[in-house]
Amino acid sequence: MSSTAPTNNTGASPTAATGGASPYGTLPPASAPATRKPVSLPRLHEMHARGEKITMLTAYDATFGAVADAAGVECVLIGDSLGMVCQGLSSTVGVTLETMRYHVESVTRGIRRVQGTAWVIGDLPFGTYHESKEQALRSATVLMQAGAHMVKLEGGGWTAETTRFLVERGIPVCAHLGLTPQTVHALGGYRVQGRGEAGETLKRHALELQDAGAALLVLEMTPAALSAEITAALPRCATIGIGAGVDCAGQVLVLHDMLGMNLGKMPKFVHNFMADAGSVRGAMETYVKAVKEGRFPVNEQHAW
């Protein structure tokens, strides 16, 4: 491929003639600066305090990250779910830190190119924070330097100490309880977590994580009643539900699921927003509106 850009009959390059647009697709324009308020940790705390639902979606590349931002999604999660939806793995266990770094960099580049304002969260993959607090710090540093504003880790109990260690060093943490996909083999499959006496353990772990400084807490496939109870008990940590009922402080879905692009069985807690909207950005905007208005999820349909 020639290193010299072709020109049109005016002598200007095609990209110059179109305002710098690439021939391989362009990112969506940013909203007018005056209408955009950057999402920050204090803003997320404010939203939680006044009862405004927080919206989160996964994204794995520059374009979808930019589209999510333009659609009004407050939190963009570069999830290790990319192992399944991007790499074709059977679980998240095989995702490496280097892979996560690559995708965090890609998403943040896209958001920055459109002057986006979303809060970016990077998943710490399996085996990169389990050995020690120091290992967790090294792994978190990789994702923060790649552009993440916050890291996410799974599990309760022992993770509280790790969370405190990271938060004390200036790294915001999103915790994750309930169904924790990295330990799906130990859990015996993708099953609802927190029923019966296990619910008390889960609630205790949630309180410990809040006390350790976790600012967000993903609750995955936990009974709606338990999720509501935990949410009410965590004034300083906003719960983000996925299959955990409408009473969580916010909601998250995997991008491919909510666009109806799941290659396997569609989880119970998913709604195909693409079918409603007809475009990717329209689907995201519909999702944001439904979450904000408390119309998604519907406990009777999407929760346990």
Side-chain angles (χ1 to χ4, degrees), residues 30-31 33 35-59 65-66 68-79 100-101 104-105 107-112 114-124 129 133 136-137 139-154 156 159-177 205-220 230-242 248-252 288 291-292:
S31 300
T35 68
R36 300 179 70 88
K37 183 179 179 181
V39 179
S40 63
L41 205 52
R43 183 180 168 195
L44 291 173
H45 286 313
E46 290 169 3
M47 292 175 64
H48 181 213
R50 66 173 179 264
E52 180 182 350
K53 298 289 188 179
I54 297 168
T55 60
M56 183 185 298
L57 280 177
T58 66
D69 181 272
V73 176
E74 283 102 11
C75 299
V76 174
L77 169 65
I78 298 90
M100 289 303 307
R101 181 200 63 78
V104 169
E105 284 186 342
V107 171
T108 53
R109 285 193 197 106
I111 292 174
R112 287 169 183 165
V114 298
Q115 301 177 32
T117 60
W119 181 255
V120 178
I121 306 167
D123 249 337
L124 288 172
Y129 58 96
K133 302 186 300 293
L137 176 61
S139 300
T141 298
V142 170
L143 299 189
M144 297 292 283
Q145 290 178 338
H149 301 128
M150 168 183 267
V151 298
K152 184 169 79 66
L153 51 78
E154 294 184 4
T159 58
E161 184 180 358
T162 300
T163 296
R164 188 183 307 278
F165 188 81
L166 294 177
V167 171
E168 287 176 347
R169 284 152 182 79
I171 299 176
V173 171
C174 174
H176 185 153
L177 294 175
H205 287 167
L207 290 168
E208 290 170 352
L209 286 162
Q210 175 185 248
D211 292 343
L216 300 177
L217 169 62
V218 171
L219 292 175
E220 183 167 358
I230 291 173
T231 299
L234 301 181
R236 303 187 308 278
C237 180
T239 58
I240 307 295
I242 177 167
C248 291
Q251 298 292 328
V252 62
V288 169
V291 171
K292 293 287 186 185

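One-based numbering along the sequence shown.
Side-chain contact between Ile78 and Asp123: absent, with no pair of heavy atoms (C-beta onward) separated by less than 4.5 Å. Under the 4.5 Å side-chain criterion, counting only non-hydrogen atoms from C-beta, Leu166 is in contact with Leu153. For the pair Leu44/Cys75, a side-chain contact is recorded, criterion being any heavy-atom separation below 4.5 Å from C-beta on. Annotation: side chain of Leu124 is not in contact with side chain of Glu154 (no heavy-atom distance under 4.5 Å). Here the side chains of Pro172 and Met144 are in contact, with some heavy-atom distance below 4.5 Å. Within the 4.5 Å cutoff, side-chain heavy atoms of Leu41 are placed close to those of Trp119. Side-chain contact between Met56 and Ile121 is present, with at least one heavy-atom pair separated by less than 4.5 Å. Taking 4.5 Å as the limit, some side-chain heavy atom of Gln210 sits within range of a side-chain heavy atom of Pro235.
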Pair Val142-Val104, side chain to side chain contact (heavy atoms under 4.5 Å, CB included): steps then yes or no: CA-CA 10 Å; Val142 170; Val104 169; over 6 Å; no

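Heavy-atom neighbours of Glu161 CD from other residues, nucleotides or ligands within 6.0 Å: at or below the threshold of 12.
The minimum heavy-atom distance linking Ala68 with Val76 is given by the pair CB-CG2, 4.2 Å. For the residue pair Ala206 and Ile230, the shortest heavy atom distance occurs at CB-CG2, 3.8 Å. Here the closest non-hydrogen pair linking Ala214 and Thr163 is N-CG2, 3.8 Å. Across all their heavy atoms, Val288 and Ala71 have their closest contact at CG2-O, 3.9 Å. Contact detail for Ala249 and Ala238: the closest heavy-atom pair is CB-CB, 3.9 Å. For the residue pair Asp69 and Thr117, the shortest heavy atom distance occurs at OD2-N, 2.7 Å.
The CD atom of Glu105 sits 10.0 Å away from the CG atom of Leu143 when rounded to the nearest 0.5 Å. From Ile240, atom CD1 reaches atom NZ of Lys53 across 9.5 Å, with rounding to the nearest 0.5 Å. Once rounded to the nearest 0.5 Å, the distance linking NZ of Lys37 with CD of Glu46 reads 5.5 Å. Of the inter-residue distances, the one linking Leu209 atom CG with His176 atom NE2 reads 11.5 Å to the nearest 0.5 angstrom. Between the CZ atom of Arg169 and the OG1 atom of Thr141 there is a distance of 10.5 Å, given to the nearest 0.5 Å. Expressed to the nearest 0.5 Å, how far OG1 of Thr231 lies from CG of Leu219 amounts to 6.0 Å.
For Glu74 and Lys292, the salt-bridge test passes: some basic side-chain N is under 4.0 Å from an acidic carboxylate O.
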